[in-house]
Amino acid sequence: MSKHDTIHPGLNLGEHHGAAHDKAEIGAFGFWIFLMSDLIIFGLMFALYVTMQNPMGQAGGPGPKELFDLTSALIQTMLLLVSSLSFGLASLALRHHRSRAELTFWLALTLLLGLAFLSFEARDFAAMFAADAGPSRSGFLSAFFGLVPLHGLHVASGCLWLLIMLIQIRTLGLSDLVKSRLLKLGLFWHFLDIVWIGIFSIVYLGGLA
Amino acid sequence: MSGTSSLHWLIGRLDLSSLPILPALANPTPSEIVAAVAALMVILGGLGVAVLITWRGWWTSLWRDWLTSTDHKRIGIMYIVLALVMMVRGVLEGVVMRAQQAAGLDGGFLSDGHFAELFSTHGTIMIFFVAMPFIAGLINYVMPLQIGARDVSFPMLNQVSLALTAIGAALVMISLVLGKFSTGGWPAYPPYTGIAFNPGEGPDYWIWSVAIAGLGSTLSGLNFVVTIFKERAPGMKLFDMPLFTWTVLCTAIIMVFAMPPLTVATLTLALDRYLDFHFYTNDLGGNMMNYVNLFWLFGHPEVYLLILPAFGIFSEVISTFSGKCLYGYKSLVYATMVISVLSFTVWLHHFFTMGQSAHVNAAFGVASMFIAVPTGVKVYDWMATMFRGRIRLTVPMIYATGFLTLFVIGGLTGVMLANPTISYQVHNTLFLVAHFHNVIIPGVLFGLLAGYHYWFPKAFGFRLNERWGAISALFWITGFAFTFFPLYVLGLMGMPRRSASYVDPSFEPLTWVAMFGAALIFCALATLLIQLRVSIRDRAQTQVPLGDPWDGRTLEWSIPSPPPEYNFAIVPRVVGRDAFAEAKERGQGYPKPAGYEDIEMPRNTMLGMVVLIGGTALGLALVWYIWWLAVLSLVVMIGAFIAKSFVPEPHRIIPATEVAAAHEAWLAAIAKASPVTRAQETSAENRGLAALEMPEGAA
Ligand code: HEM
Ligand SMILES: [Cu+2]
């Protein structure tokens with residue numbers, strides 16, 4: 001309601017964006033709530049995974065040690081972390097009215113890193129399928145393929161969203177609406193990073209420990 | 001060969017035997033005939049509505065004023081219409097089941113499979129497509145008005161949520177005509193609902209109708225939370241909010257956190273069934289206990305999600321019709337919060353007998369019993385509110401008194417069931433069925449019906465018929481008692497739930513008593529519909545355009561009935577609780593505004609309809625393995641959202657002069673009208689302006 005003290009957790013446009021800043025608040029708050037709800041979904045998929053990562057769940061099939069490629073997982077982690085950095089730089093460019101070219105550059109870089117992440121992930125999955133370790137093999141692998149590709153699907157939709165925003169920055173310009181969408185996309189992207197940290201620690205490091 | 005395979009490509013596993021009419025002709029057993037009649041009722045009902053709309057020429061206005069509207073009030077009404085239609089089916093199924101068990105000694109008239117389908121659809125419909133949409137509808141209508149807002153925070157999302165709920169309902173209805181619904185009960189436990197035991201379309205119908213509607217509820221919850229936190233009228237602090245809004249806030253938070261487990265449970269079950277995953281299968285390391293935990297991690301918060309708004313409605317009703325402010329407002333708020341938190345800590349009491357250790361059972365048993373404490377606080381608060389009040393026994397109050405007495409009984413049997421040792425004795429018997437109907441009918445359903453009678457004049461500008469309303473309420477109360485109290489006894493005698501027939505003749509007499517009760521409930525439903533018909537016919541005598549027929553206390557009564565689409569010509573400034581009652585006492589109930597401003601409202605959108613049609617097609621395609629249609633409808637829906645995002649959000653300006661004209665005319669009518677006292681509340685004199693009476697001061 002009040003015009004001056006609008007701040008919400010996470011990324012803010014800043015007072016100097018005027019109406020755009022105030023208008024973004026409700027949307028950003030709603031998006032936080034959406035993320036909380038989504039986080040429950042991930043949390044439960046983690047719970048399924050943890051309860052099925054045992055000899056009974058593996059049903060005589062391959063386990064983490066036979067399947068996971070830590071190097072690849074580490075590369076994926078790095079790709080996502082750097083993509084979060086580049087998105088952060090995009091947010092700063094937006095907040096401080098840097099040139100549109102700079103904003104576009106950082107967003108495009110984020111998109112590329114996201115796609116690179118997805119291709120590494122797809123490569124790993126393909127290798128697992130080739131080794132006859134798809135979700136049909138065991139409960140453990142079902143839980144794995146329920147959790148990790150769910151994150152991948154989120155990243156893929158994030159990439160689609162990034163692509164759309166790159167187009168909209170050109171067609172709609174940096175309107176209030178576009179700014180507020182970029183804020184939400186930023187929240188989404190960093191959220192996926194955090195979930196991935198969970199996956200890397202629990203699924204990969206935990207599985208290979 | 002190529003002929004059949006291309007047909008298969010086109011219509012998946014659908015074929016002629018999916019139509020229940022044909023088996024009924026080939027093999028006319030009573031069971032098949034009941035199924036065929038039900039299918040015919042759906043088809044004829046659908047056709048009848050379509051013909052009526054065409055005949056009256058209502059299509060344009062249906063499309064323009066309703067289906068594409070983003071107005072929270074219209075969306076609310078559509079939710080409630082959906083709930084009432086589904087309630088007719090749900091109640092009829094309940095009556096058929098009671099008839100079957102009454103005739104069920106060594107047989108009955110339904111096949112086992114058909115009976116199983118009945119309790120599965122009945123449970124699914126009553127929870128997801130009666131209680132949930134009825135609640136979502138009342139919240140949508142009332143909550144923004146109570147906080148002095150012009151709409152919810154995300155009107156378009158609101159429309160999409162309605163569409164998602166409607167898709168689920170549509171799928172359950174279509175399952176009467178095309179194929180069969182699940183036989184796995186409303187929780188649909190695997191491995192029984194897994195592909196190995198149940199390769200048919202039934203569980204798939206359950207999965208997609210519940211998963212899609214559940215997504216709609218998540219989004220509604222999100223919308224309500226944001227609306228309450230961000231759209232309150234200036235000056236309204238959280239502890240100034242009407243109690244109904246408080247319960248909505250807690251319910252909405254539960255929706256945000258408790259619907260995801262349902263999404264996970266349904267979609268992982270779908271992965272098992274469609275893509276050969278092994279989350280819950282018997283072989284290859286599946287673990288069905290994970291499903292049971294996930295389902296009840298949703299399922300228990302769900303029942304509090306249902307009951308809390310009903311508590312809120314009773315709080316408003318009891319306070320208004322006692323002419324007093326709510327006793328123990330703060331304790332009611334805190335009790336609501338405590339219940340919401342506890343609701344996430346007790347899910348295991350739904351499966352005490354499924355193998356955990358006694359310690360775990362004890363912990364969850366104690367946690368479950370704790371819930372009785374805040375609930376008991378509430379019951380005392382309501383009674384204290386009535387104490388020395390100016391009580392009028394209108395229809396909502398009849399429901400409220402029925403609720404107070406019956407609900408306490410249901411709550412007590414709940415405390416009994418929370419004791420694992422007792423649960424071991426009576427689980428899976430009709431005792432449990434009696435218990436949960438005893439909280440859900442006098443609690444949730446009576447609450448919703450009380451709310452329906454209470455706010456109907458707000459929404460439509462005329463009151464519902466009191467006489468028929470009272471008859472219906474009394475039928476509900478007695479019908480409930482006759483139907484479900486015998487089931488406690490039957491349960492203690494050991495009669496299992498979900499059984500189509502039995503061999504112990506001592507069960508029979510009480511099943512007949514329950515059958516009689518079900519007939520009373522049928523009358524309750526019929527009189528409820530008659531009341532609506534009569535009220536519409538006689539609406540000239542019950543007009544309340546001035547907006548305050550019950551001497552209301554909260555902001556929704558401070559505006560005309562029905563309200564203009566922008567709700568408040570001037571957004572009110574709020575000081576303190578019961579804002580409107582306070583203002584009336586100060587003689588400032590209807591202030592003359594200093595000036596008016598243009599109002600910006602969202603435009604209509606077709607997005608909800610695209611989702612409705614696309615989503616129904618997607619659901620059917622998945623149920624029947626019609627892959628091309630699944631891909632097509634998904635692409636169309638995603639495409640529609642993306643396309644929409646390229647159009648800057650459209651708004652429509654309602655000019656200040658128009659707002660001023662309407663508001664001034666209403667104020668003038670108020671100035672001319674003569675206020676009515678509470679004694680004349682149900683007479684034709686009541687045009688919606690209340691005389692000032694202050695029983696609190698007098699007492
Ligand atoms: C209005 C009158 C109603 C009647 C006559 C009725 C009757 C029945 C009957 C006969 C059963 C099967 C009992 C058994 O397992 O043997 C049943 C189950 C059930 N009912 Fe109702 N009911 C009514 C209202 C409601 C309402 C309002 C709700 C919820 C909002 C509800 C929710 C359920 C649920 C969840 C089940 C369990 C389904 C299952 O076994 O999976 N019922 N009801
Ligand atoms: Cu429970």
Side-chain angles (χ1 to χ4, degrees), chain A residues 1-2 6 8 23 25-45 47-49 51-61 134-146 150 157 160-161 163-165 167-168 171-173 175-178 181, chain B residues 152-154 157 215 218-219 221-227 229-236 252-253 255-265 267-268 271-272 275-291 293-294 297-298 571 638 641-643 645-649:
Chain A
M1 287 280 107
S2 52
T6 318
H8 41 83
K23 273 197 212 154
E25 189 217 355
I26 293 181
F29 182 64
F31 202 73
W32 273 97
I33 302 213
F34 164 74
L35 291 181
M36 289 186 203
S37 196
D38 207 21
L39 191 62
I40 305 271
I41 294 197
F42 276 111
L44 294 169
M45 293 312 293
L48 282 178
Y49 180 82
T51 57
M52 295 183 108
Q53 195 222 44
N54 51 38
M56 193 128 89
Q58 283 165 15
S136 313
R137 178 60 193 87
S138 68
F140 159 68
L141 280 163
S142 297
F144 174 86
F145 279 99
L150 179 68
S157 13
L160 179 64
W161 191 354
L163 188 67
I164 293 171
M165 289 323 296
I167 300 173
Q168 290 190 347
T171 59
L172 302 179
S175 66
D176 291 0
L177 195 65
V178 169
R181 284 183 184 150
Chain B
V152 293
S153 288
F154 308 112
L157 185 69
L215 186 62
T218 316
L219 297 175
L222 186 159
N223 216 338
F224 298 150
V225 173
V226 178
T227 306
F229 277 123
K230 297 292 176 190
E231 311 286 343
R232 294 195 310 282
M236 183 180 274
I253 294 176
M255 282 182 179
V256 170
F257 292 120
M259 300 313 290
L262 179 69
T263 308
V264 171
L267 294 187
T268 45
L271 286 175
D272 270 12
L275 296 176
D276 195 21
F277 277 50
H278 290 276
F279 283 108
Y280 313 119
T281 54
N282 275 338
D283 57 346
L284 289 175
N287 181 353
M288 52 285 253
M289 279 317 291
N290 276 341
Y291 181 91
N293 274 290
L294 282 174
L297 213 46
F298 144 78
V571 174
I638 296 177
F641 274 96
I642 294 179
S645 76
F646 278 84
V647 193
E649 263 166 40

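Values in this document were obtained by computation on a predicted structure and should not be read as measured data. The chains referred to below are lettered A, B, ... by the order of the sequence lines, with proteins before strands, and numbering in each begins at 1.
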Between B/Leu275 and A/Phe145, does the side chain to side chain contact (heavy atoms under 4.5 Å, CB included) criterion hold? Intermediate values first, please.
CA-CA 11 Å; B/Leu275 296 176; A/Phe145 279 99; over 6 Å; no

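- With a 4.5 Å cut-off on side-chain heavy atoms, B/Ser645 and A/Arg181 count as touching.
- Considering only heavy atoms from C-beta on, A/Phe140 stays 4.5 Å or farther from B/His278 through its side chain.
- Between the OH atom in A/Tyr49 and the CG atom in B/Asn290 there is a gap of 14.0 Å [rounded to 0.5 Å].
- A donor-acceptor pair under 3.5 Å links the side-chain atoms of A/Ser37 to the main chain of B/Val256, judged by distance alone.
- Atom CG of B/Leu222 sits about 9.5 Å away from atom CG of A/Leu35, to the nearest 0.5 Å.
- Comparing A/Ala59, A/Gly134, A/Ser142 by heavy-atom pairs within less than 4.5 Å of chain B, the highest count is held by A/Ser142.
- Here the straight-line distance linking atom CD1 of A/Ile41 with atom CE of B/Met259 works out to 10.5 Å at 0.5 Å rounding.
- For A/Leu160, the part sitting under 4.5 Å from any heavy atom of chain B is the side chain, from C-beta outward, and nothing else.
- Top candidate by heavy-atom pairs under 4.5 Å with chain B, chosen from A/Met52, A/Met45, A/Met56, A/Met36, is A/Met52.
- In this structure, A/Ile40 and B/Pro261 have side chains that are in contact, with non-hydrogen atoms separated by less than 4.5 Å.
- Note: A/Leu48 leads A/Leu172, A/Leu48, A/Asp38 in heavy-atom pairs under 4.5 Å with chain B.
- For chain A, the nearby part of B/Leu297 is the side chain; its heavy atoms alone come within less than 4.5 Å.
- Side chains of A/Ile164 and B/Phe646 form a contact here, defined as non-hydrogen atoms less than 4.5 Å apart.
- Contact check for B/Thr263 versus A/Leu44: no side-chain heavy atoms found under the 4.5 Å cut-off.
- In this structure, the side chain of A/Ser136 does not engage the main chain of B/Phe277 through any donor-acceptor pair within 3.5 Å.
- Between the CD atom in A/Gln168 and the CD1 atom in B/Ile642 there is a gap of 9.5 Å [rounded to 0.5 Å].
- There is no side-chain donor-acceptor pair under 3.5 Å between A/Thr51 and B/Asn287.
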